[in-house]
2 protein chains.
Amino acid sequence: MNHSQGKVSLPVIKRLPKYYRYISQMQQNGVVKVSSSELARMMGTTASQVRQDFNCFGGFGQQGIGYNVDVLLHEIGRLLFGEGEKLPTILVGAGRLGRAVSRFLTTDTNGYHLLAVFDVQQELVGQDLDGIPIHHIDELESFCAAHKPQVAVLCLPREGAKEISGRLVDLGIRGFWNFSHYDLSIPYPNVTVENAHLGDSLMSLGYRLRND
Amino acid sequence: MNHSQGKVSLPVIKRLPKYYRYISQMQQNGVVKVSSSELARMMGTTASQVRQDFNCFGGFGQQGIGYNVDVLLHEIGRLLFGEGEKLPTILVGAGRLGRAVSRFLTTDTNGYHLLAVFDVQQELVGQDLDGIPIHHIDELESFCAAHKPQVAVLCLPREGAKEISGRLVDLGIRGFWNFSHYDLSIPYPNVTVENAHLGDSLMSLGYRLRND
DNA sequence: TAGATTGTTAATCGATTAACAATC
DNA sequence: TAGATTGTTAATCGATTAACAATC
């Protein structure tokens, strides 16, 4: 065990969820022990990379033996989801995309607690999404002052996103999961942003298809 | 003008949609000309990278002058969306995510033509999504034989995705936009796959928030 | 002890950035 | 011509892969 972590690179971080998925499946299949080369084969990478990745966090294995599946899953889970404390989260935009994404937050992942949904449409206010109440966007300030959410998920058009994200930063939001076409990365460098533009992902698929 | 393209690297391809978005906005604002350094500032990168990127495709500018916005948008659009011919596409899974994603395919992007939606649920069969008919999954074979779709968008659970993707490859699908948690990249190396696991993206945001 | 497999250092590879000659 | 800015080659940086010593 060496350096518990001195700034882990983004490529490594982005691989953690994939490790988590594969190791989680192994546990469900009753597998107890795994080697870096077995993991590498599944992940489509090299044993070297697997060991390098895990050693960014101090190393989870035993020399000569391999990795214990339970230990590995627990440690990576802890990295991704913390120590059981969940990130208080709000969702802005209750359109089709917002409704789909809320499912992920409430049932398909750990580490997040969805407190409320906001929308501009008066018709939606008072309704709920999987039991989470929909508020009018004007209540953003009072709600955030009272409940101090840390993460905001943006499922709204570009125009709205620019204005709303500014307000949210002022209200203390530290992390954005951004599906709007407005690019948040530059204006708020001290806030963590995960841009998930569906359109971008689809466009690059098109290019690759035409040119492979 | 040099090499029209001798295998462009994935990082470059993934930046194309972002260039497209920014340049598109400039055109809407009536901007006629742009330099690599202006683009770099907007994109949050260096002028060097902008020029290197464009030169993967032969270079779109004029020495001493800069880049013409119309030309740039047209050329990058051509790379992303082709010459007007749209990729015949099907969507598998008409749940919340499928309904959200269909919107992107039909109205928020170019280059794709959504032919049909498939689902296992009998109640949905016969209904439509933005005018696109929902078929039962059992009709996949006959439909594909008749209409020869090239792209499949997977919005279904992991278990379904494994089986369905195998069938789709046999039916001639060349490209997948995969939202399921099942990882397609390894089993079908000769097919283009864009994995867009929402869960993965959300998990890495969590890690970054806790450790920044 | 011998075999297996990790942790860790060194080598390679690829992507980004810098420099500069070409040219408008 | 002088200034601006690209296209392109060279240098740097970071990430991946290989090698090997430590250790179970």
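Both backbone and side-chain heavy atoms feed into the values below; hydrogens, waters and symmetry mates do not. Chain letters run A, B, ... following the sequence lines, proteins first and then strands; every chain starts at 1.
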Using a cut-off of less than 4.0 Å, is there contact between a side-chain N or O of [X] and OP1 or OP2 of [N]?
| X | N | answer |
| --- | --- | --- |
| Thr45(B) | dT17(C) | yes |
| Arg51(A) | dT6(C) | yes |
| Gln62(A) | dT6(C) | no |

Can we call the ring centroids of Phe81(B) and Tyr20(B) under 6.0 Å apart?
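Yes, they do, as the ring centres are separated by less than 6.0 Å.
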Quick one: are the ring centres of Phe143(A) and Phe118(A) less than 6.0 Å apart?
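Under 6.0 Å, so yes.
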Sugar-phosphate, base or nothing in reach of [X], heavy atoms under 4.0 Å:
| X | value |
| --- | --- |
| Thr46(A) | sugar-phosphate |
| Tyr67(A) | sugar-phosphate |
| Ser48(B) | base |
| Ser37(A) | nothing |

Going by atom types only, do Asn178(A) and Glu194(A) share a side-chain donor-acceptor pair under 3.5 Å?
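There is no such pair between these side chains.
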Regarding Ser37(A) and Ser35(A), is there a side-chain donor-to-acceptor distance under 3.5 Å anywhere?
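Yes.
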Exercise: identify the closest heavy-atom pair between Ser180(B) and Leu156(B):
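Distance-wise, the nearest heavy atoms are CB-O, 3.0 Å.
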Interatomic distance, [X] [atom1] vs [N] [atom2] [rounded to whole Å]:
| X | N | atom1 | atom2 | result |
| --- | --- | --- | --- | --- |
| Leu10(B) | dC13(C) | CG | P | 20 Å |
| Ile65(B) | dT5(D) | CD1 | C1' | 8 Å |
| Gln49(A) | dA10(C) | CD | P | 20 Å |
| Ile13(A) | dA15(D) | CD1 | P | 11 Å |
| Glu38(A) | dA4(C) | CD | C1' | 12 Å |
| Asp53(B) | dT16(C) | CG | C1' | 10 Å |
| Asn55(A) | dT6(C) | CG | P | 10 Å |
| Arg41(A) | dT17(D) | CZ | P | 16 Å |

When the nearest nucleotide of DNA chain D is assigned to Gln52(A) and to Lys33(B) on a heavy-atom basis, which residue is associated with the more 5' position?
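In this pair, the answer is Lys33(B).
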Parallel under 30°, tilted from 30 to 60°, perpendicular over 60°: which one fits the rings of Phe60(B) and Phe54(B)?
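Aromatic pair Phe60(B)/Phe54(B) classed tilted.
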Looking at side-chain heavy atoms only, is the closest gap between Glu159(B) and His181(B) below 4.5 Å?
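A side-chain contact under 4.5 Å is absent here.
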Given [options], identify the nucleotide with an atom nearest to the side chain of [X].
| X | options | result |
| --- | --- | --- |
| Pro11(A) | dA15(D), dC20(C), dT5(C) | dA15(D) |
| Gln63(B) | dA22(D), dT8(C), dT5(D) | dT5(D) |
| Ser35(A) | dT5(C), dA19(C), dC20(D) | dT5(C) |

If a stem is a run of at least 3 consecutive Watson-Crick or G-U pairs, both distances under 3.5 Å, which stems include DNA chain C?
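Stems found: C:3-24 with D:3-24.
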Check for a donor-acceptor pair, side chain of Asn29(A) on one end and backbone N or O of Val31(A) on the other, with a separation under 3.5 Å.
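Such a contact is absent between Asn29(A) side chain and Val31(A) backbone.
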